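One structure below.
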Amino acid sequence: MKFSDMKLQAMNAVRVYFVRNWTREDLMNTGEMTQHAYASLKRVYLTLFFAMWSFTSGSFSHWIWEAGGRFTILSSVASLLCLYFISPLRVRTRVLLLLIAAFSIGASIGIFAKYFFEIDQELVCRLLAPPTLGIGIIWFGSTFTRERSAIYMGSLFYSSLLFFSTFNASNSDYIDSHTAHRMLKVCIVFALFMGYVVVYSQEILYDAHFGEIDFVNRTLTVFFRLPGIVVHAARLCLGA
């Protein structure tokens with residue numbers, strides 16, 4: 001294969017990555033879901049919650065016991081490779097490997113955050129806990145209704161309320177400018193992540209109309225698809 005052909009294929013792959021089939025109307029749709037799409041989204045939410053819980057638990061284990069190291073890095077790589085090669089029909093095995101990979105990556109991420117960004121592990125844990133809580137609440141809310149607006153707005157409201165009350169209770173005696181600045185960082189990360197989860201949910205609901213959803217893959221790619229989904233959503237909202 002010529003270099004020019006490889007370059008053309010790479011450019012096409014990048015172009016496809018940043019283009020989605022859903023439109024602005026699909027993105028803004030807040031109506032009731034179909035039963036199949038609703039069941040698919042709940043499975044993704046539940047798997048994502050357990051994955052985020054494992055990720056956050058791994059981060060806390062590194063903060064408390066310094067569990068992160070070469071073993072967790074190798075474990076995360078090995079788990080992801082096994083997850084890639086195992087048949088999609090082996091659902092339980094793939095879910096277990098996903099949780100192992102999430103825990104190992106969570107235990108390892110503090111090492112890279114400290115080395116590249118000089119971020120303390122305590123701040124890493126504080127940044128991870130609210131999104132994990134938000135995913136748990138959005139899954140819990142999805143078990144009661146099929147209305148998208150009720151799930152999104154209700155989950156955002158209750159998760160934000162619980163987050164603020166927990167933070168204020170744990171820092172009520174010494175809230176200073178440094179604590180307020182740290183809280184602002186956590187709030188921004190939390191709001192951006194929850195907003196992305198809403199957009200990602202809309203893509204899952206759109207794709208569910210065309211077949212079965214591999215909820216393990218959708219959980220695994222929730223961050224890998226972030227640039228493409230955000231760029232496509234921004235293009236739609238700006239009317240490009």
Side-chain angles (χ1 to χ4, degrees), residues 27-61 63 95 98-99 101-103 105-106 109 122-172 179 182-208 213 215-226 229-230 233:
L27 179 63
M28 299 301 178
N29 186 1
T30 58
E32 186 173 313
M33 314 173 201
T34 64
Q35 182 60 39
H36 170 66
Y38 174 64
S40 300
L41 188 63
K42 282 200 304 180
R43 285 196 292 267
V44 175
Y45 281 157
L46 182 59
T47 311
L48 180 58
F49 170 65
F50 281 118
M52 287 292 296
W53 182 269
S54 299
F55 191 87
T56 306
S57 299
S59 182
F60 270 100
S61 68
W63 179 29
V95 170
L98 176 65
L99 299 183
F103 182 89
I105 295 174
I109 194 172
E122 180 183 0
L123 181 57
V124 174
C125 295
R126 288 184 178 274
L127 290 174
L128 290 176
T132 303
L133 175 66
I135 293 297
I137 293 180
I138 200 173
W139 167 76
F140 184 74
S142 68
T143 60
F144 294 98
T145 179
R146 289 196 293 173
E147 288 288 339
R148 308 185 199 197
S149 58
I151 294 174
Y152 300 152
M153 299 305 297
S155 301
L156 183 60
F157 173 77
Y158 287 113
S159 59
S160 300
L161 183 64
L162 185 59
F163 163 62
F164 281 115
S165 60
T166 303
F167 188 92
N168 291 331
S170 59
N171 298 276
S172 58
T179 305
R182 184 173 57 183
M183 182 180 179
L184 178 61
K185 290 182 180 179
V186 176
C187 290
I188 292 175
V189 172
F190 174 73
L192 291 176
F193 178 77
M194 293 305 294
Y196 169 68
V197 169
V198 171
V199 178
Y200 190 68
S201 301
Q202 294 293 77
E203 177 170 273
I204 293 173
L205 293 173
Y206 175 83
D207 292 340
I213 295 293
F215 60 92
V216 178
N217 280 350
R218 289 306 177 104
T219 302
L220 182 63
T221 59
V222 63
F223 295 108
F224 298 146
R225 296 190 179 195
L226 190 150
I229 291 177
V230 170

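We number each residue from 1, following the sequence as shown. In what follows, every heavy atom counts, from backbone to side chain, and hydrogens, waters and symmetry copies are set aside. Since we're looking at a predicted model, the values are computed, not measured.
From Leu41, atom CG reaches atom CD1 of Ile151 across 6.5 Å, with rounding to the nearest 0.5 Å. The OG atom of Ser142 sits 5.5 Å away from the OH atom of Tyr38 when rounded to the nearest 0.5 Å. Interatomic distance, Ile204 CD1 to Met33 CE, rounded to the nearest 0.5 Å: 10.0 Å. Rounding to the nearest 0.5 Å gives a distance of 12.5 Å between OG1 of Thr56 and CH2 of Trp63. The structure places CZ of Phe190 at 6.0 Å from CG of Leu156, a figure rounded to the nearest 0.5 Å. With rounding to the nearest 0.5 angstrom, the CG atom of Leu220 is 6.0 Å from the CG atom of Leu98.
Between Ala233 and Leu27, the closest heavy-atom pair is CB-CD2, 4.2 Å. Between Thr132 and Leu128, the closest heavy-atom pair is OG1-O, 2.9 Å. Shortest non-hydrogen contact noted between Ile137 and Ser155 is O-OG, 3.6 Å. Closest heavy-atom contact between His36 and Ala208: CD2-O, 3.0 Å. Between Ser59 and Cys125, the closest heavy-atom pair is OG-SG, 3.4 Å. Minimum heavy-atom separation, Gln202 to Asn29: NE2-O, 2.8 Å.
Qualifying side chain to side chain contact (heavy atoms under 4.5 Å, CB included) partners for Ser61, counting only residues two or more places apart in sequence or in other chains: Trp65, Ala67, Phe103, Ala107. Taking Tyr206 as the reference, nothing meets the side chain to side chain donor-acceptor pair (under 3.5 Å) condition, with sequence neighbours excluded.
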Exercise. Does the pair Trp139 and Val44 meet the rule for a side chain to side chain contact (heavy atoms under 4.5 Å, CB included), with working shown?
Worked result: CA-CA 9 Å; Trp139 167 76; Val44 175; over 6 Å; no
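Using modelled atom types and a 3.5 Å distance limit, the side chains of Ser201 and Tyr45 yield a donor-acceptor pair.
Relative ring orientation between Phe49 and Trp53 is described as tilted, the plane-to-plane angle lying within the 30° to 60° band.
Using a 4.5 Å heavy-atom cutoff, the side chains of Glu203 and Ile229 are in contact. Using a 4.5 Å heavy-atom threshold, the side chains of Phe55 and Ile109 count as touching. In this structure, the side chains of Met153 and Thr30 stay at 4.5 Å or more apart for every pair of heavy atoms.
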Pairs of donor and acceptor atoms involving the side chains of residues 191-200, under 3.5 Å and at least two apart or interchain, shall be tabulated with distances.
{"residue": "Tyr196", "atom": "OH", "partner": "Val222", "partner atom": "O", "Å": "2.3"}
{"residue": "Tyr196", "atom": "OH", "partner": "Leu226", "partner atom": "N", "Å": "3.3"}
{"residue": "Tyr200", "atom": "OH", "partner": "Arg218", "partner atom": "O", "Å": "2.4"}
{"residue": "Tyr200", "atom": "OH", "partner": "Thr221", "partner atom": "OG1", "Å": "3.3"}

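Between the side chain of Glu32 and the main chain of Arg146, no donor-acceptor pair closer than 3.5 Å is present.
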